[in-house]
Amino acid sequence: MKEFEVTCKGKQYIIVRVSNELLALDINCIDSILMKQNITRMPGAQYFYKGVINLRGEIVPMISMRLRMGIEETEDTHKTRFVIVKTSDGSFVGLIVDEVREVIELRDEDIDKVHNAEANNYSIGIGKYGSELITLISIDRMIEGN
Amino acid sequence: MDVQQYLSIFIDETSEHLQSLNTHLLILEKEPDNAETINEIFRAAHSIKGMSATMGFNKMQKLTHDMENVFSEIRNGKMKATSDLIDVLFRGLDCLESYLANVQENQKEGDLDNQDIIDELNRIYNLALGNGESFSVAKDAAENNAVQFDDKNLFKRVPFEEHEIQAINKGKAIGLNAIGLTVFLQETCMLKAARAFMINRAIESIGDIIKLYPTAQDLEEEKYDLYFSAYIITKKKPEDMIHIIMNVSEVKEVYADYIELSDINITNDKVAAVETPKATENITTKETPSIRTTQGAKAVSSRSVRVDIEKLDVLMNYVSELIIAKNSLKSISETIPGLNSINEYVEKIEYLERLTSNIHESVTKVRMVPIDSVVSRFPRMIRDLGKKLDKEMELYMTGEDTELDRTVIDEIGDPLMHLLRNSADHGIEKTDARIKAGKPEVGSIFLDAYQIGNNVIIEVRDDGGGINVDRVKDKAIEKGVITAEQAEIMTEEEAIGILFKPSFSTSDEITDVSGRGVGLDVVKTKIESLGGVLEATTERGKGSKFLIRLPLTLAIVQTLMIKMDDEKYAIPLGSIQTVEDIPWDDIKIVDGKDVINLRDRVIPILYLSRLLDIPMKEENKEETALVVIIKKGDKQAGLVIDELVGQQEIVIKSFGKHIKPHKIVSGATILGNGDIALIVDANGLV
């Protein structure tokens with residue numbers, strides 16, 4: 001499984017907000033950011049998968065980040081975005097987030113790595129950006145889990 | 001020389017040659033005196049030796065070299081192809097195959113030891129030739145031919161065609177020279193095809209080639225010894241030609257001279273035709289039409305191109321998109337009032353529809369590969385199994401030219417192998433048991449492939465003992481799969497079904513071949529993942545039959561679109577028997593399960609809305625339930641649905657492996673308006 005490489009300095013991340021938590025996603029994993037659109041329900045799928053969408057003729061499964069993080073779902077707002085990410089096996093998965101904030105650069109020394117092999121734990125580090133603390137996310141771990 | 005760029009060619013060609021060796025060795029075992037076969041074997045072995053030496057795979061080279069020695073002696077009639085010898089040779093082939101697999105994986109041949117095979121080969125070899133004889137028998141193909149390496153006039157004895165003579169005359173008429181030449185390559189030259197190509201390119205830079213002998217195609221396929229002749233119309237002189245060709249490396253000698261028409265033989269002149277016997281197998285060339293020759297007039301070479309499978313996948317994707325686009329055009333036209341009453345518009349849409357389905361059909365055909373590429377290794381496997389299990393058996397195959405989608409071909413090999421091993425191990429009885437049962441001593445296993453409609457059927461049959469249903473039941477009770485009471489009322493069919501349950505084997509002794517209990521269930525899962533069905537029938541004492549039914553193509557299917565609540569689902573037509581209106585009162589509860597009695601068959605009823613977590617529609621007792629009857633083999637089930645939409649051709653799209661929905665959702669498709677409909681896999685329901 002490909003992990004984030006936090007060795008080279010000054011990597012770029014996209015900051016998204018879910019409820020009141022900030023998450024950092026490696027910019028190299030991002031395919032696109034979409035306005036919200038219709039999701040087709042997938043009966044019997046894992047609880048945090050909301051269903052699938054049609055992305056340029058491909059079927060892409062969508063994860064509700066709120067459900068994934070164990071936070072109650074709320075009504076979508078005009079800030080709700082679908083962040084389409086590429087996983088290490090080359091497939092696409094969409095993440096439903098409350099807001100896409102900005103692109104930032106984090107250096108090695110700004111990051112406290114978290115060593116946690118538990119599959120359900122998708123956090124791989126804590127980044128310090130100004131006064132804010134940001135959770136670095138392993139996309140591959142996040143899409144798994146039950 | 002950087003050989004890396006040749007690696008994929010090496011892998012492709014070596015595996016082809018190995019396959020050819022396998023096939024021909026089998027023939028040789030049955031017909032030890034078949035000269036054609038031994039020549040073919042020799043040629044294949046020689047090519048492998050040459051190529052592996054060039055690529056620096058020394059172990060492969062050494063082993064093929066020693067095998068070639070043996071082949072050479074068989075060809076010269078000094079050795080007999082005994083069963084022992086063939087065994088050793090097969091072991092050699094296996095060894096070569098594993099080297100090749102290593103090469104494929106990490107570009108190295110690996111360090112598998114082959115000394116025992118080489119020793120064995122040499123032992124048989126020395127035995128056959130008398131112990132004292134020395135070991136220097138490796139003869140190159142060239143030396144066995146009567147051609148002298150200093151034959152300066154070789155090119156003058158080659159037969160010419162009428163049109164080639166005309167070409168020479170034309171050239172002479174406008175003051176050009178007609179030059180004939182023969183190139184001799186060094187004996188160490190390995191990639192002869194590449195060398196010939198380079199030489200021809202050098203010649204073409206200063207003149208027009210009007211004829212090659214052997215033909216360009218034979219040169220390309222290395223079907224020539226170390227020399228070939230070329231005829232050129234050029235402004236230059238023979239000395240210039242010699243000079244430019246000698247600049248190409250690995251050329252030993254070049255002889256060139258003006259050709260006079262009086263020197264030339266016409267095709268039917270017999271003297272010349274014997275000169276290069278290997279050149280007469282193929283006829284057409286792909287150079288300019290002027291060098292087309294027709295000598296021999298044997299099999300027309302196949303006019304085909306090799307295309308990377310990925311390119312075909314891309315093409316297939318575009319076709320899929322095209323069908324989606326066509327569907328969306330159709331669905332838009334339904335939303336605009338009046339558009340469908342314009343005749344011309346409707347006609348054009350229908351035309352477009354015909355075109356897209358024709359394109360789809362053509363591309364599907366292009367992707368089809370004969371199953372021959374998979375099954376051709378089975379005769380060898382059965383032969384080996386027979387020896388190992390000490391049973392006599394023979395494999396009969398028909399329909400090797402039946403074609404299947406490339407993706408299916410890649411996957412079908414293992415399941416078929418499993419079934420064949422199963423037949424060999426469990427099916428065919430030992431020889432004495434066969435004699436006792438009054439059957440022919442040699443057991444027969446059949447592999448038949450054929451196409452019916454949109455399905456391809458592959459049957460694996462044997463004339464062995466059949467499946468002992470009682471023993472299956474006993475074993476199942478013993479393993480706690482079923483209870484004794486269940487076994488009592490179980491039909492034969494259901495009992496056979498147990499065989500396909502995970503980790504179930506009836507064989508009392510676990511052999512190398514099968515019986516470890518991983519097998520039939522894996523086969524079944526694989527076949528089903530390919531969209532196919534596996535059925536088994538058996539007759540005690542007469543044998544058993546496994547039948548695989550596969551769809552021709554996987555990507556695009558005809559479906560019945562249905563609506564549940566306001567979600568759309570697609571059910572593949574292939575699995576639908578009928579659609580029925582059933583009064584709600586006719587649905588009875590038997591044994592806690594909903595069933596209906598349809599035309600004297602009791603069919604279980606399933607509610608799709610429950611399976612898909614959709615709120616049930618209010619049951620209106622006066623109305624009828626809409627039931628889709630699903631079939632899988634002989635089994636049926638009724639699926640209660642809300643609403644029918646109609647028949648539609650859809651493109652199956654994968655939703656990846658991360659999201660894991662209910663097992664009856666097997667895929668998804670994109671509808672004309674961009675919405676997604678899920679595909680309900682009826683196989684999982686019955």
Side-chain angles (χ1 to χ4, degrees), chain A residues 1-2 25 29-32 34-68 82-96 119-120 122 137-146, chain B residues 310 313-314 316-328 331 555 563-570 606-615 650-681 684-685:
Chain A
M1 189 184 292
K2 186 186 137 199
L25 302 167
C29 301
I30 309 290
D31 174 75
S32 51
L34 311 174
M35 302 293 281
K36 69 186 197 79
Q37 52 174 283
N38 267 342
I39 296 181
T40 306
R41 196 178 61 93
M42 266 285 185
Q46 302 97 308
Y47 70 98
F48 52 86
Y49 275 105
K50 293 291 283 179
V52 288
I53 63 164
N54 168 9
L55 175 74
R56 302 181 292 264
E58 294 301 318
I59 310 269
V60 175
M62 296 298 299
I63 292 176
S64 160
M65 283 307 288
R66 275 181 172 264
L67 290 181
R68 183 70 180 95
F82 291 180
V83 180
I84 311 296
V85 294
K86 199 171 188 175
T87 66
S88 58
D89 63 14
S91 59
F92 291 105
V93 172
L95 312 177
I96 307 168
N120 232 16
Y122 40 80
I137 296 287
S138 158
I139 286 164
D140 285 337
R141 282 200 201 163
M142 198 175 50
I143 57 180
E144 300 304 332
N146 306 301
Chain B
E310 273 174 25
D313 285 344
V314 171
M316 194 56 159
N317 280 344
Y318 282 136
V319 173
S320 307
E321 301 255 322
L322 187 64
I323 288 176
I324 292 170
K326 182 255 312 178
N327 284 347
S328 61
S331 75
K563 223 167 157 183
M564 301 295 297
D565 208 11
D566 50 6
E567 295 173 355
K568 273 189 178 173
Y569 291 90
L606 300 160
Y607 298 91
L608 190 57
S609 46
R610 278 186 209 155
L611 295 169
L612 299 173
D613 312 322
I614 296 166
I650 60 153
V651 179
I652 299 177
K653 295 263 179 186
S654 152
F655 42 71
K657 60 183 193 323
H658 301 300
I659 186 166
K660 299 178 183 83
H662 194 287
K663 68 174 198 295
I664 65 165
V665 178
S666 69
T669 186
I670 293 173
L671 301 175
N673 57 6
D675 283 355
I676 293 170
L678 302 183
I679 300 164
V680 173
D681 175 20
L685 288 175

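To find a chain, count down the sequence lines: A is the first, B the second, and so on, and within it residues start at 1.
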Student: Can you tell me if NZ on B:Lys326 sees more than 12 non-hydrogen neighbours from other groups inside 6.0 Å?
Tutor: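 Result for NZ/B:Lys326: enclosed.
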Student: Quick one, A:Thr87 and B:Lys657 - any side-chain contact, counting heavy atoms below 4.5 Å?
Tutor: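 Answer no - side chains too far apart.
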Student: Measure B:Leu612 against the heavy atoms of chain A and call it side chain, backbone, both or neither at under 4.5 Å.
Tutor: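 Interface part for B:Leu612: both.
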Student: With chain B as the partner, which of A:Ile63, A:Asn38, A:Asp89, A:Val60 has the greatest number of non-hydrogen pairs under 4.5 Å?
Tutor: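 The candidate making the most pairs under 4.5 Å is A:Asp89.
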Student: Got B:Glu567 and A:Thr40 here, is their nearest side-chain heavy-atom distance under 4.5 Å?
Tutor: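 Sidechains of A:Thr40 and B:Glu567: no contact.
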Student: What part of A:Val52 is in contact with chain B, defined as an atom under 4.5 angstrom from a non-hydrogen atom: side chain, backbone, both or neither?
Tutor: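 A:Val52 touches chain B through backbone and side-chain heavy atoms alike.
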Student: Quick one: closest heavy-atom pair of A:Pro43 and B:Tyr569, and the distance?
Tutor: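 Taking every non-hydrogen atom into account, CG-OH, 3.6 Å.
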Student: Mind listing the closest non-hydrogen atom pair of A:Gln46 and B:His658 along with its distance?
Tutor: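 What the structure gives for the nearest pair is NE2-O, 2.8 Å.
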Student: Quick one, B:Ile676 with A:Met42, criterion side-chain contact (heavy atoms from CB on, under 4.5 Å). Give me CA distance, side-chain angles, the key distance, then yes/no.
Tutor: CA-CA 11 Å; B:Ile676 293 170; A:Met42 266 285 185; over 6 Å; no
Student: Please report the interatomic distance CD1(A:Ile143) to CD1(B:Ile659), rounded to the nearest 0.5 Å.
Tutor: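 One gets 11.0 Å once the value is rounded to the nearest 0.5 Å.
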